[in-house]
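Some notes on the structure that comes next.
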Amino acid sequence: TGLSRPQRILKAVQKNAKKGDPQSVIAAIDHYCRHKEWAMNVGDDKGLILDSVVMEVNPSSALELGTYCGYSTVRIARLLPAGSTLITVEFNPHCAVIARQIIAYAGLQDKVKLMEGPSGDLIPKIKEQFGITSFDFVFLDHWKDRYVPDTKLLEECGLLRKGSVLLADNVICPGAPEYLEYVRNNPRYETRYFPSNLEYTKVEDGLEKSVFLG
Ligand SMILES: O=C(NC/C=C/[C@H]1O[C@@H](n2cnc3cncnc32)[C@H](O)[C@@H]1O)c1cc([N+](=O)[O-])cc(O)c1O
Ligand SMILES: [Mg+2]
């Protein structure tokens, strides 16, 4: 059979982006997914909101749940200060192998640690494995029914501190209703919705930014 969608996205990067230039990698994926073949990257419109929150937080330690092809991994890692680390979690080995190549093509492999496996199993291992005490920033973009259990797990594992910022993709489309219920009715979070559109479409979607109050 032919190439998979992640493989076609990697090919578009190798063909159209400049090695070591994260912005050109982002532009190559956005162009391919807008004009050739849709894919579930956070995309350029919501990506600008992601960028602004990452720049505001300026995290030393960041976590991404759901790497997919590494598009948002590149978006986040390119903005991290020197010496910072982004841990990204992906359980599909085929996606992981593509994401590693896209992250390396952007020249960001020294800032990113990709953990292969299910978030529910890996989150409890992060402290011991990476010596991380807590995350300044977390981007949730994996299966939408995992947002609540993994947020609770991050709390239980002591990986959130007063001021940690959670940013969740797709809270409108495909939707994460339980997650919105959880953070909006929880005195331990200060939460705000950033309206936008589903990647590469005119469909309404947005990001929910939630600050953990400790
Ligand atoms: O379904 C969506 N995202 C799910 C993302 C899934 C990605 O995260 C991994 N994953 C999942 N649970 C995991 C647990 N642990 C590790 N990796 C995990 C999956 O292997 C996949 O690579 C989605 C759908 C649309 N859409 O319009 O339909 C738009 C979007 O922006 C989306 O993000
Ligand atoms: Mg998404």
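Side chains are part of it too, since the values below use all heavy atoms of this structure and drop only hydrogens, waters and symmetry mates. Order of appearance sets the numbers: ligands from 1, and atoms from 1 within every ligand.
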Atoms of ligand 1 close to Y68 [distance to a heavy atom under 4.0 angstrom, numbered from 1]: 22 (O)
Just let me know how L198 lines up against ligand 1, side chain, backbone, both or neither, with a heavy-atom cut-off below 4.0 Å. side chain
Between CD1 of I102 and CG of L10, what distance do you get to the nearest 0.5 Å? 5.0 Å
Ranked by distance from atom 3 (N) of ligand 1, the top protein heavy atom is K144 NZ, 3.4 Å
Using a strict 4.0 Å cut-off to heavy atoms of N92, name the atoms of ligand 1 that fall inside it. 20 (O)
Aromatic rings F212 and Y189: how do their planes relate, parallel, tilted or perpendicular, breaks at 30° and 60°? tilted
Heavy-atom distances under 4.0 Å decide this one: backbone, side chain, both or neither, for Y200 against ligand 1? neither
Go through the side-chain N and O atoms of Y68 and E90 and say whether any donor and acceptor fall under 3.5 Å apart. no
Does even one non-hydrogen atom of G117 get within less than 4.0 Å of ligand 1? yes
Starting from the C-alpha separation in whole Å, work towards a yes-or-no answer on side chain to side chain contact (heavy atoms under 4.5 Å, CB included) for L48 and R75. CA-CA 9 Å; L48 289 174; R75 280 206 87 110; 4.0 Å; yes
Closest contact, heavy atoms only, P22 versus G20: CD-O, 3.3 Å
Residue and atom name of the nearest protein heavy atom (relative to atom 5 (C) of ligand 1), distance in Å to one decimal: D141 O, 3.4 Å
Is the shortest side-chain N to carboxylate O distance from R34 to D30 below 4.0 Å? no
Please confirm whether P118 comes under 4.0 Å of ligand 1, counting heavy atoms of the residue only. yes
Residue pair F139 / F137: nearest heavy atoms and the distance that separates them: CB-CE2, 3.9 Å
Protein contact to atom 28 (O) of ligand 1 [nearest heavy atom, distance to 0.1 Å]: P174 CG, 3.6 Å
N/O/S from N170 sitting under 2.8 Å away from the Mg ion (ligand 2): yes
What is the nearest protein non-hydrogen atom to atom 15 (N) of ligand 1, stated with its residue, atom name and distance? S119 N, 2.9 Å
Minimum heavy-atom separation for Y179 to S210, with atom names? OH-OG, 4.0 Å
Give, for atom CD1 of I87 and atom CD1 of I126, the distance between the pair rounded to the nearest 0.5 Å. 5.0 Å
Can you tell me if E90 has a non-hydrogen atom under 4.0 Å from ligand 1? yes
Looking at ligand 1, would W38 count as a contact under a 4.0 Å heavy-atom criterion? yes
Ligand 1 to N170 polar contact by distance, N or O atoms, under 3.5 Å: yes
To check you understand the geometry: which heavy-atom pair defines the closest contact between T201 and N197, and what is its length? O-ND2, 2.9 Å
Could you tell me, atom by atom, which parts of ligand 1 come under 4.0 Å of a heavy atom of E199? 29 (C), 30 (C), 31 (O)
Which atom names give the shortest non-hydrogen contact between L140 and Y147, and what distance separates them? O-OH, 3.1 Å
Just let me know how R146 lines up against ligand 1, side chain, backbone, both or neither, with a heavy-atom cut-off below 4.0 Å. neither
protein heavy-atom neighbour closest to atom 10 (N) of ligand 1 works out as H142 CB, 3.8 Å
Atom 6 (C) of ligand 1 [closest protein heavy-atom partner, distance rounded to 0.1 Å]: W143 CZ3, 3.4 Å
Whether H31 and H35 hold their rings parallel, tilted or perpendicular, with breakpoints at 30° and 60°: tilted
Contact check: D169 vs ligand 1, nitrogen or oxygen atoms, below 3.5 angstrom: yes
For atom 13 (C) of ligand 1, what's the nearest protein heavy atom and its distance? F91 CE2, 3.5 Å
ang(OD2 D169, the Mg ion (ligand 2), OD1 D141) rounded to 10° is 100°
So if I count the atoms of ligand 1 from 1 in the order they appear, which ones are less than 4.0 Å from some heavy atom of G66? 8 (O)
List the atom of V112, the atom of A77, and the distance in Å for their closest heavy-atom pair. CG2-CB, 3.6 Å
